There are 2 protein chains.
Amino acid sequence: MKKFTNRSLCPISTALDIFGDKWTLLIVRDIIFEGKSAYKEFMQSEEKIATNILANRLSILEAQGLVIKEKTTGNRSRYLYHPTPKAIALIPVIAELILWGNTYYPDTYTHPESLLAGLKTDKMNTIQAYTEKLTARLNRKKDKLD
Amino acid sequence: MKKFTNRSLCPISTALDIFGDKWTLLIVRDIIFEGKSAYKEFMQSEEKIATNILANRLSILEAQGLVIKEKTTGNRSRYLYHPTPKAIALIPVIAELILWGNTYYPDTYTHPESLLAGLKTDKMNTIQAYTEKLTARLNRKKDKLD
DNA sequence: CAATAAACTTGCATTTTGCAAGTGATAATA
DNA sequence: TATTATCACTTGCAAAATGCAAGTTTATTG
């Protein structure tokens with residue numbers, strides 16, 4: 001089990017204490033930009049995460065309040081992982097990562113392709129659009145529970 | 001030795017292949033925002049990086065073209081690590097990390113304190129100011145060599 | 001009700017991390 | 001000039017994390 005420790009009161013190191021590894025942000029990417037929500041879907045990503053690592057990271061994301069785990073009934077996928085506002089707030093971070101990555105490794109690309117294009121031509125609006133879309137979806141979910 | 005592998009052509013995963021760990025970005029933080037350049041200075045950071053990890057990460061940063069290692073003479077510090085444009089281009093990523101971290105962990109703070117304040121009140125200008133300052137310093141260094 | 005599938009868990013070898021101690025080269029000091 | 005100190009590491013080793021394959025459990029479909 002990966003243990004959680006706060007190494008300092010630096011916001012950067014605090015953030016890295018949570019997702020400073022090779023896998024966690026890829027799961028967030030899948031949830032936020034690819035609309036994935038099932039365990040199986042995360043397993044299918046190109047980077048081939050190991051199943052025990054995925055289970056571990058999902059539990060950390062849940063414990064840190066970045067995802068909520070929903071139990072469904074009568075469905076093939078029995079659990080669904082949804083982003084919280086705290087995860088949605090990572091969109092600007094990931095957006096800058098995408099731009100940096102593609103600047104220095106130009107043969108990289110995103111799913112969907114329009115994401116990278118959008119960030120290049122109008123970063124602010126692209127970030128805002130994704131943020132609002134996911135926030136709206138989250139609010140609809142919340143309304144249903146009332 | 002940590003080995004470098006490209007897990008996919010995703011710009012995010014490509015970026016994480018380089019600095020997807022708990023330490024690398026903290027070294028970049030020290031270089032960029034705290035003006036550190038000597039091995040000893042990195043060792044003194046609050047997070048207490050182990051000396052073998054620091055040596056390993058510096059060699060990776062150098063190999064990936066994020067820092068250049070300068071040999072000095074007649075000085076106390078015999079080697080100095082300077083950021084390349086590729087490292088300077090990480091400023092927006094780190095800036096967003098700072099904002100995210102401080103939003104969800106409000107008792108965190110930055111060195112210098114003005115950095116966090118600046119990002120909160122005028123993100124774009126703060127990023128631009130740091131970028132230009134470091135780029136100018138880099139160019140002065142380059143001129144000297146001509 | 002048997003077979004399939006989803007979401008894990010377990011076991012184990014390999015790799016990475018963390019900690020302490022040691023080393024070699026240069027620089028300051030007596 | 002000899003000695004001491006400092007810097008930038010390297011090495012050794014125990015502990016933790018990762019990667020891979022196989023197994024388990026619960027629900028669902030034919």
Side-chain angles (χ1 to χ4, degrees), chain A residues 1-8 13 16-27 30-31 34-64 67-82, chain B residues 1-8 13 16-27 30-31 34-64 67-82:
Chain A
M1 250 304 228
K2 222 183 65 162
K3 220 189 128 194
F4 184 77
T5 44
N6 250 106
R7 290 171 294 169
S8 77
S13 93
L16 295 177
D17 285 337
I18 298 177
F19 52 77
D21 74 300
K22 297 214 180 306
W23 295 110
T24 308
L25 274 187
L26 296 185
I27 300 171
D30 286 355
I31 293 179
E34 305 204 25
K36 294 184 179 178
S37 56
Y39 194 94
K40 183 183 108 164
E41 293 177 295
F42 304 132
M43 286 298 301
Q44 288 163 351
S45 290
E46 245 192 316
E47 293 86 6
K48 302 278 161 239
I49 189 170
T51 175
N52 55 339
I53 306 288
L54 175 58
N56 172 253
R57 295 304 192 276
L58 283 172
S59 77
I60 289 173
L61 283 172
E62 198 190 359
Q64 298 300 322
V67 304
I68 44 176
K69 187 177 181 175
E70 182 197 7
K71 181 160 192 150
T72 66
T73 45
N75 203 329
R76 259 281 174 222
S77 302
R78 276 165 292 140
Y79 296 101
L80 295 178
Y81 294 89
H82 302 289
Chain B
M1 252 305 230
K2 223 184 64 164
K3 217 189 130 195
F4 185 78
T5 43
N6 251 107
R7 291 170 295 169
S8 77
S13 94
L16 294 178
D17 285 335
I18 299 177
F19 51 78
D21 75 298
K22 296 214 182 307
W23 295 109
T24 308
L25 274 187
L26 296 185
I27 300 171
D30 286 355
I31 293 179
E34 306 204 23
K36 294 184 180 178
S37 56
Y39 193 93
K40 182 184 107 165
E41 292 179 298
F42 302 132
M43 287 298 302
Q44 289 163 352
S45 289
E46 245 192 316
E47 293 87 5
K48 302 277 160 238
I49 189 170
T51 175
N52 55 339
I53 306 286
L54 175 57
N56 173 255
R57 295 305 192 277
L58 283 172
S59 78
I60 290 173
L61 283 172
E62 198 190 358
Q64 298 301 322
V67 304
I68 44 175
K69 186 176 181 175
E70 182 197 6
K71 182 161 192 151
T72 65
T73 45
N75 204 329
R76 258 280 174 224
S77 303
R78 274 165 292 140
Y79 296 101
L80 295 178
Y81 295 89
H82 302 289

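Since we're looking at a predicted model, the values are computed, not measured. In what follows, chains carry the letters A, B, and so on, assigned in the order in which the sequence lines appear, proteins first and then strands, with residues in each chain numbered from 1. Note: hydrogens, waters and symmetry copies are ignored here, and every other heavy atom, side chains too, is used.
- Proximity note for B:Thr51 (side chain, C-beta onward) versus C:dG18, C:dA21, D:dG19: the nearest is C:dA21.
- The heavy-atom pair separating A:Met43 from A:Ile49 by the smallest distance is CE-O, 3.6 Å.
- Around the NZ atom of A:Lys71, the shell of radius 6.0 Å holds no more than 12 heavy atoms that belong to other residues, nucleotides or ligands.
- B:Phe42 comes within 4.0 angstrom of no nucleic acid atom, judged by non-hydrogen atoms across all strands.
- Between the CG atom of A:Leu26 and the C1' atom of D:dG19 there is a distance of 16 Å, rounded to whole Å.
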Pair B:Lys22-A:Arg7, side chain to side chain contact (heavy atoms under 4.5 Å, CB included): steps then yes or no:
CA-CA 10 Å; B:Lys22 296 214 182 307; A:Arg7 290 171 294 169; 3.4 Å; yes
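- Across all strands, B:Lys71 comes closer than 4.0 Å to no nucleic acid atom at all (heavy-atom distances).
- For C:dA6, the base has a donor-acceptor partner in the side chain of A:Arg78 [N/O atoms by modelled type, under 3.5 angstrom].
- When distances run from any side-chain atom of A:Lys40 to the nucleotides C:dC19, C:dA6, D:dA8, the shortest one goes to C:dA6.
- When each of C:dG11, C:dA6, C:dC8 is scored by its nearest atom to the side-chain atoms of A:Asn52, the top-ranked nucleotide is C:dG11.
- The CZ atom of B:Arg57 sits 9 Å away from the P atom of C:dT16 (whole-angstrom rounding).
- Rounded to a whole Å, the CG atom of B:Asn56 is 13 Å from the P atom of D:dT11.
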